[in-house]
Amino acid sequence: MRFILIIFLTIWTTGSASSDSRYELKGDTLVFDMTIEESGHKFTQQLERYDVNLLSDYLFEHPEIKILKLTGPGGFMPAAREMASKIIEFDLNTVAYGECESACTTIFLAGNKRSLETSAKLGFHRQWVDKEQEKLYYNAMKEAKGWKNEFDYVAWVYDVLADNIIKDIEFMESRGVSMDFILKALSKASYDMWEPSRDELIAAGIVNQ
């Protein structure tokens with residue numbers, strides 16, 4: 001009896017561990033919820049660098065995927081840009097549900113056909129900076145970059161942020177979004193959030209289905 005119990009517990013434990021994923025494949029749809037913990041990774045309830053590899057693996061292993069259905073508060077913007085490139089490369093459609101905000105909207109915009117589930121909301125604002133992460137980056141890279149002090153770093157990061165804003169404008173315009181909407185979205189402060197109405201999203205070309 002003990003031997004049988006050990007086998008049962010092993011199978012149950014293995015099955016439970018494998019179910020801990022923020023990605024779920026349903027037919028031709030890959031559901032991505034960045035608020036769910038991914039087993040084996042640090043849980044921050046937002047988009048992270050490892051999501052790029054996870055999405056790439058799913059698309060490589062499951063060519064039947066045609067739709068990415070997603071939700072979440074955003075997170076690591078460079079990851080969102082890489083994932084957006086993958087979605088465009090694989091010609092996927094996107095569907096947003098719940099609250100899809102910040103970097104989540106970048107991924108959503110990569111879809112060929114873009115739609116919202118009932119009661120879904122999209123949230124837009126300028127890219128923000130995590131001061132703790134920037135402090136870590138500064139201390140780790142100051143010798144390699146030749147920064148003598150924090151003021152040297154400020155000059156560098158200012159150019160990086162300005163370049164990112166230009167990339168955001170170019171990307172949104174390339175996805176058929178009106179310039180009026182783009183300027184309004186990027187006028188929102190980093191720690192503010194603009195949630196346009198469904199009619200505004202359709203008129204601006206954000207939602208096209």
Salt bridge present between Lys69 and Asp33 (N-O < 4.0 angstrom): no
Joint cluster assignment, Leu183 & Val177, ILVMFWY side-chain distance < 4.5 Å: yes
Test item: Ile107 and Leu70 side chains (from C-beta on) under 4.5 Å apart, heavy atoms: yes
Expected output: side-chain Asp152 to main-chain Lys148 donor-acceptor under 3.5 Å: yes
Distance-only donor-acceptor check, side chains Glu38 and Ser21, under 3.5 Å: yes
Joint hydrophobic cluster, Leu54 plus Val52, side-chain heavy atoms closer than 4.5 Å: yes
Pairing residues for Thr106 by the side chain to side chain donor-acceptor pair (under 3.5 Å) criterion, not counting sequence neighbours: none
Euclidean distance, Lys86 NZ relative to Asn53 CG, rounded to 0.5 Å: 9.0 Å
Any Leu30 side-chain heavy atom under 4.5 Å of Glu24 side chain: no
Atom of Gly72, atom of Cys104 and distance for their closest heavy-atom approach: O-CB, 3.6 Å
Residues clustering with Tyr97 (ILVMFWY side chains joined when closer than 4.5 Å, directly or via others): Val31
Heavy-atom closest contact (Pro73 atom, Gln45 atom, distance): CG-O, 3.3 Å
Closest contact, heavy atoms only, Phe181 versus Leu201: CZ-CD2, 3.9 Å
Under 3.5 Å, which donor-acceptor pairs do the side chains of residues 108-115 form with other protein atoms, sequence neighbours left out?
{"residue": "Arg114", "atom": "NE", "partner": "Ile206", "partner atom": "O", "Å": "2.7"}
{"residue": "Arg114", "atom": "NH1", "partner": "Leu109", "partner atom": "O", "Å": "3.3"}
{"residue": "Arg114", "atom": "NH1", "partner": "Gly111", "partner atom": "O", "Å": "3.0"}
{"residue": "Arg114", "atom": "NH2", "partner": "Arg175", "partner atom": "O", "Å": "3.0"}
{"residue": "Arg114", "atom": "NH2", "partner": "Gly205", "partner atom": "O", "Å": "2.7"}

Reported CD-to-OG1 distance for the pair Glu64 and Thr29, which is rounded to 0.5 angstrom: 10.0 Å
Side-chain hydrophobic cluster, 4.5 Å single linkage: members besides Ile67: Val95
Inter-residue atom distance Phe76.CZ - Ser102.OG, 0.5 Å rounding: 12.5 Å
Full working for salt bridge (Lys or Arg N to Asp or Glu O under 4.0 Å) between Lys184 and Asp180: CA-CA 6 Å; Lys184 188 172 181 179; Asp180 285 344; over 6 Å; no
Heavy atoms from other residues, nucleotides or ligands near CZ of Phe43 exceed 12 (cutoff 6.0 Å): yes
Leu161 with Phe124, same ILVMFWY side-chain cluster at under 4.5 Å: no
Rounded distance (nearest 0.5 Å) linking atom OH of Tyr23 with atom CG of Leu68: 8.0 Å
Side-chain donor or acceptor of Arg49 paired with backbone N/O of Ala79 under 3.5 Å: no
Non-hydrogen atoms of Pro196 and Leu122 that approach each other most closely: CD-O, 3.4 Å
Stepwise side-chain contact (heavy atoms from CB on, under 4.5 Å) check, Leu59 with Leu92: CA-CA 10 Å; Leu59 295 179; Leu92 302 185; 3.7 Å; yes
Donor-acceptor pair, side chain of His125 and main chain of Lys188, under 3.5 angstrom: no
Donor-acceptor side-chain pairing of Glu48 and Thr44 below 3.5 angstrom: yes
Single-linkage hydrophobic cluster Trp194~Met179, side-chain heavy atoms < 4.5 angstrom: yes
Listed once per pair and sorted, the side-chain hydrogen bond (donor to acceptor under 3.5 Å, both in side chains) pairs that draw on residues 197-207, sequence neighbours left out: Ser197-Glu200
Residue Glu143 excluded, over 12 heavy atoms near CD under 6.0 Å: no
Residues Lys121, Glu101; criterion salt bridge (Lys or Arg N to Asp or Glu O under 4.0 Å); working and verdict: CA-CA 8 Å; Lys121 295 181 179 180; Glu101 299 178 331; over 6 Å; no
Over 12 foreign heavy atoms within 6.0 Å of OH, Tyr191: yes
Same apolar cluster: Ile88 and Met172, side chain cutoff 4.5 Å: yes
Arg22 side, atom CZ; Glu37 side, atom CD - distance, nearest 0.5 Å: 9.0 Å
Arg81 side chain reached by Asp168 side chain, heavy atoms, under 4.5 Å: yes
Closest contact, heavy atoms only, His62 versus Leu25: ND1-CD2, 3.3 Å
For Gln46, side chain to side chain donor-acceptor pair (under 3.5 Å) partners two or more places apart: none
Euclidean distance, Met34 CE relative to Asp51 CG, rounded to 0.5 Å: 7.0 Å
Ring-ring centroid check Phe151 Trp156, cutoff 6.0 Å: no
Parallel, tilted or perpendicular, as decided by the 30° and 60° cut-offs, for the rings of Trp147 and Tyr137: tilted
